[in-house]
S.K.: 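Questions regarding the structure given below will be posed in turn.
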Amino acid sequence: MQWTASEQAFEEARKYIPGGVDSPVRAFGSVGGVPPFIERGEGGYLIDIDGNRYIDYVQSWGPLIFGHCDPEIESAVIETAKKGLSFGAPTPLETALAKEIVELFESIDKVRFVNSGTEAVMSAIRLARGATGRDDIVKFTGCYHGHSDSLLVQAGSGAATFGNPSSPGVPADLTRHTLLAEYNDLASVERCFEASEGIACVIVEPIAGNMGLVPADEEFLRGLRALCDRHGALLIFDEVMSGFRASLRGAQGLTEVKPDLVTLGKVIGGGMPVGAFGGSVQVMAQLSPEGPVYQAGTLSGNPVAMAAGLASLRKLKADPQIYTLLEARAKRLTEGFEAAANEAGLPMVTTVRGSMFGYFFTDEPVRNFEEAKRGDNEIFKRFHHGMLERGIYLACSSYETGFLCTAIDDAMVEETVSAARDVMKAIS
């Protein structure tokens, strides 16, 4: 494949946009090379400005569960846009989408819409702090919850570590209230509670999607629930990625553990920028204008985004077998990857949850970020480029998750596995 037009576009973009991109991972820094600049999407495919066509396993990082340009979602967006793009005032669409979410999630009685996953998490944490009157929070190394100051921390030394900023511009005074624990390690969470005078909440991705795809153990989630109950802290499930992706009820369709607050995004926007957070009547009553915890947004509940999300969720509810179909295809894909790796003598482990999948070039199970880092990134880079050259668009970082959509059929999965077999033979 040739990427001449993309190379020129990237060069031009870097003159006016930091790094040439509006979100860092898009720059292909983890794998090297020039990112294809996209002209359009068609179902399960992306077409770049050079005319190259790719089977798309990124799907805008998750929201496009029905693929690009789904006719029903597209129609809902166009018809709503004709009435106006934004009002800064209530619309019935907000209530309709909120009702769909509340009916599906047992742990959500009320929901507040925002414009991104970052905003949803930031607001949920503020609400948890306001509701409990405490400042400290616990997060897990390798879990990403957006780029708000309190959550941009890195692990330090020591068993229970108060977070150090992982980005310039983040004051240490803010991150000192963030304690870091190890994913799937309950003892590390217990040490955080011992080290703090008051923890407001524990926030966790019940299916982590930013260290590769790493699900939480059921015993671990139960332990988090018990610890939070014992200490009067709130448990927040960050389902921005897994919500309506892992199942119709997100990770909560796969676990018996119920959180106090949930953050959502991606699929509930159907491709438009949307986030949300919700919880019990008692907790949500603390939120302005009912309560003292302030949160606002001019574009929150944007009618075009609400229409897209409503169309997407109603399509999912109408055919719950979608998840069975997508999971079967995801397993066929990852089993094909594993078989190809085995034939080529390369180590690989894979994971599937609903329409989400992940893979690591390692021969050991991956249950946390330290284990995820043991994957061979050099092999990953070569594999990624080899697949791209064969028209397969995969996540450009070993710490990201892949996604299927309904427009990717069995033949496309087989084409992908065949390409993987060729690439792995070439790089082994």
Side-chain angles (χ1 to χ4, degrees), residues 121 124-125 128-129 132 134-146 148-167 170 172 174-242 251 254-263 349 351 353 358 360 362 364-375 399:
V121 170
I125 287 175
R129 283 171 161 157
T132 61
R134 301 172 181 176
D135 292 334
D136 292 347
I137 66 173
V138 176
K139 76 173 290 286
F140 296 90
T141 305
C143 283
Y144 177 72
H145 306 289
S148 61
D149 286 351
S150 294
L151 296 166
L152 282 182
V153 299
Q154 62 188 8
S157 59
T161 306
F162 286 86
N164 301 311
S166 58
S167 170
V170 177
L174 292 178
T175 57
R176 71 185 178 87
H177 290 295
T178 303
L179 288 79
L180 288 153
E182 186 171 320
Y183 198 71
N184 276 322
D185 181 353
L186 198 60
S188 70
V189 186
E190 291 174 336
R191 289 192 290 270
C192 288
F193 275 98
E194 292 168 2
S196 171
E197 293 181 0
I199 289 174
C201 64
V202 175
I203 183 166
V204 64
E205 289 180 278
I207 301 174
N210 287 280
M211 52 175 129
L213 185 65
V214 183
D217 298 334
E218 180 70 8
E219 183 179 354
F220 174 65
L221 293 178
R222 288 178 182 172
L224 292 182
R225 179 69 276 172
L227 274 173
C228 287
D229 290 343
R230 187 185 315 154
H231 293 276
L234 301 185
L235 178 60
I236 303 176
F237 274 8
D238 181 348
E239 293 224 52
V240 168
M241 189 173 289
S242 59
L254 308 176
T255 176
E256 296 179 356
V257 177
K258 298 297 180 285
D260 299 295
L261 285 168
V262 184
T263 62
V349 295
T351 311
R353 287 295 183 276
F360 297 92
T362 179
E364 297 291 333
V366 174
R367 297 180 63 252
N368 55 52
F369 189 50
E370 283 303 310
E371 293 172 356
K373 290 193 293 186
R374 296 173 192 164
Y399 302 130

S.K.: Using modelled atom types and a 3.5 Å cut-off, is there a donor and acceptor pairing between side-chain atoms of S242 and backbone atoms of I207?
M.R.: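 Checking the backbone N and O of I207 against the side chain of S242, no donor-acceptor pair under 3.5 Å is found.
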
S.K.: Counting C-beta onward and ignoring hydrogens, is there a side-chain heavy-atom pair between D260 and R225 closer than 4.5 Å?
M.R.: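 Heavy-atom side-chain distance check passes, below 4.5 Å.
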
S.K.: Answer yes or no: is there an ion pair linking E370 with K373, defined by an N-O contact shorter than 4.0 Å?
M.R.: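 Judged by the 4.0 Å cut-off on N to carboxylate O distance, E370 and K373 do form a salt bridge.
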
S.K.: What heavy-atom pair brings T141 and Y183 nearest, and what distance separates the two atoms?
M.R.: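 For T141 and Y183, the tightest heavy-atom pair comes out as O-CB, 4.5 Å.
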
S.K.: Please tell me if the side chains of V366 and T351 come closer than 4.5 Å, counting only heavy atoms from C-beta onward.
M.R.: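 The answer is no, as the side chains (C-beta and beyond) never meet within the 4.5 Å cut-off.
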
S.K.: If we check side-chain contact (heavy atoms from CB on, under 4.5 Å) with H145, which of these qualifies: V204, I137, I203?
M.R.: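 Per the side-chain contact (heavy atoms from CB on, under 4.5 Å) rule, the option paired with H145 is I203, out of V204, I137, I203.
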
S.K.: What's the spacing between I236 CD1 and K139 NZ if we round to 0.5 Å?
M.R.: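 The distance works out to 12.5 Å.
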
S.K.: Heavy-atom distance under 4.5 Å between the side chains of F360 and V214, does that happen here?
M.R.: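 With C-beta onward as the side chain, the pair touches.
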
S.K.: Is the F369 to F140 ring centre distance short of 6.0 Å?
M.R.: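 For F369 and F140, the ring centres are not under 6.0 Å apart.
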
S.K.: Do C201 and T132 have side-chain heavy atoms sitting under 4.5 Å apart?
M.R.: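 A side-chain contact is absent here, since even the closest heavy-atom pair is not under 4.5 Å.
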
S.K.: Return the minimal non-hydrogen interatomic distance between M211 and A372, and the atom names on each side.
M.R.: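 So the minimum-distance heavy-atom pair works out to O-CB, 3.5 Å.
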
S.K.: Checking E364 side chain against E371 main chain: does a donor-acceptor pair fall under 3.5 Å?
M.R.: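 No; zero donor-acceptor contacts below 3.5 Å.
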
S.K.: Where the side chain of D238 meets the backbone of V240, is there a donor-acceptor pair that is under 3.5 Å apart?
M.R.: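 Confirmed, D238 side chain pairs with V240 backbone.
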
S.K.: Run through L227, I199, L179 and flag the one making a side-chain contact (heavy atoms from CB on, under 4.5 Å) with V189.
M.R.: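 Testing each of L227, I199, L179 against V189, the sole residue satisfying side-chain contact (heavy atoms from CB on, under 4.5 Å) is L227.
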
S.K.: Within the distance-only criterion (no hydrogens, no angle test), does the side chain of N184 pair as donor or acceptor with the backbone N or O of R367 below 3.5 angstrom?
M.R.: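 Checked: pair present.
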
S.K.: So which atom in E256 and which in R222 form the shortest heavy-atom distance, rounded to 0.1 Å?
M.R.: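 That closest heavy-atom pairing would be OE1-NH2, 3.7 Å.
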
S.K.: T263 versus E239: any side-chain heavy-atom pair under 4.5 Å?
M.R.: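 A side-chain contact under 4.5 Å is absent here.
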
S.K.: Please give me the minimum heavy-atom distance between A124 and L261, naming the atom from each residue.
M.R.: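 Nearest pair, atom of A124 first, then L261: O-CD1, 3.6 Å.
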
S.K.: So which atom in C228 and which in L235 form the shortest heavy-atom distance, rounded to 0.1 Å?
M.R.: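 Heavy atoms of C228 and L235 come nearest at SG-CB, 4.0 Å.
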
S.K.: So, taking the atom named CD in E182 and the one named CZ in R191, what distance separates them when rounded to the nearest 0.5 Å?
M.R.: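 Between atom CD of E182 and atom CZ of R191 there are 8.5 Å.
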
S.K.: Rounded to the nearest 0.5 Å, how far apart are OG1 of T255 and CG of D217?
M.R.: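 With rounding to 0.5 Å, OG1 (T255) is 10.5 Å from CG (D217).
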
S.K.: Looking only at heavy atoms, which two atoms of D185 and F220 are closest? And how far apart?
M.R.: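 Looking at all heavy atoms of both residues, the closest pair is N-CE1, 3.5 Å.
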
